[in-house]
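Letters A, B, ... are given to chains in the order of the sequence lines, protein chains preceding strands, and every chain is numbered from 1.
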Amino acid sequence: MKRYLRFRVADFALAVDLTYVHRVVAMEEVTVQPDAYLWGGTRWLRADRLGPAPERGEHVVLLASSDFHLGWRSGRVEGLDEVAEGDLYPVPRGWLDRGVPWVTHLYFREGGPVYVVNFSVIGPAVAKRGLPETVQ
Amino acid sequence: MMLMGFRYRHSPRNYAIDLQKVYRILDGPAVHRVPWSRSYLRGICRLDRWVVPVIDLRELLDDVRGEVTSVLIVYAEGEVLVGFPVGEVFPSFGRADIQRVVRQAERPLCPYVLHTKQGVFHFIDMKTLLFRHFGELWQ
């Protein structure tokens, strides 16, 4: 079983492997510029293309690897899911925009799909070539 | 070959596809949008053990005037399933029901027009259509 933190961006439920989640903070706790909480290791980068602007009281999910931190604006943190490997479906690359290679799997909760953001892909990709596109 | 006909609501044309490749016809399945998806991907739905991409064929068939309904044809090409929404689904028909076949060289995705007792149907070369225009879906 793998554990995922499920959160919501716009109309979509996303999730990330819990081992990559460093912290979940409220927007009020973000003291840097409101639209700049992407931590590039040594500096904050603009994150306004990661999703629509959060409303007051919404959260930032801080994802982390050994050398990279990424704050992801989420409309709502919905909880933890334990997912068996057999319940994970691969997301073919062809379904997505070419600039989004980091949504790799999905699983279903409460009848709807939850799209798994693979931080081991998004972290280096963001560091290398900038930010992904906004959720449409 | 047995064929199945369908059309989009208000469509000026009827279409026919190979009935053997029709995996299921679903009425009103839950179709979920996919974030950051390609424009032709309307969403996904669940069917048995599959997650089925739902695509829109209308523009490719030059039939964007037709409206879709909640009816979804799930088509199987090998191990791959793909769904596309349609309007009305006709009863199946076979060779014996076809009175005349007219080849349409200028429309490679609809290479034949079939005149039948039930009306005129444009036969869709689904394999070519899917792999030419939606092949990336399965990569």
Considering all heavy atoms, the nearest [X]-[Y] contact:
X       : Y        : value
B/Arg33 : A/Tyr115 : O-OH, 3.0 Å
A/Tyr89 : B/Arg49  : CE2-O, 3.5 Å
B/Ile44 : A/Pro113 : CD1-CB, 4.1 Å
B/Pro35 : A/Leu14  : CG-CD2, 4.4 Å

Please lay out, stage by stage, how B/Val34 and A/Val91 fare under the test side chain to side chain contact (heavy atoms under 4.5 Å, CB included).
CA-CA 10 Å; B/Val34 178; A/Val91 173; 5.5 Å; no
Structural part of B/Leu41 lying under 4.5 Å from a heavy atom of chain A:
side chain
Measuring heavy-atom distances to chain A, does B/Phe134 have an atom under 4.5 Å in its side chain, in its backbone, in both, or in neither?
neither
Check for me, please, whether [X] and [Y] land in the same ILVMFWY cluster - side-chain distances under 4.5 Å, paths through other members count.
X        : Y        : answer
B/Ile25  : B/Trp50  : no
B/Phe6   : B/Val71  : yes
B/Val89  : B/Phe93  : no
B/Val113 : B/Tyr15  : no
B/Val54  : A/Leu106 : no

Would the distance check show the side chain of B/His32 and the main-chain N or O of A/Val114 forming a donor-acceptor pair, the cut-off being under 3.5 Å?
no
Using atom types as modelled and distance alone, determine if a side-chain donor or acceptor of B/Arg38 lies under 3.5 Å from a backbone N or O of A/Trp95.
no
Near B/Gln20 CD, under 6.0 Å, is it more than 12 heavy atoms from other residues, nucleotides or ligands?
no
Within a reach of under 6.0 Å around CD of A/Glu110, are more than 12 heavy atoms found that belong to other residues, nucleotides or ligands?
no
Using 0.5 Å steps for rounding, measure from the OG atom of B/Ser37 to the CG atom of A/Asp97.
9.0 Å
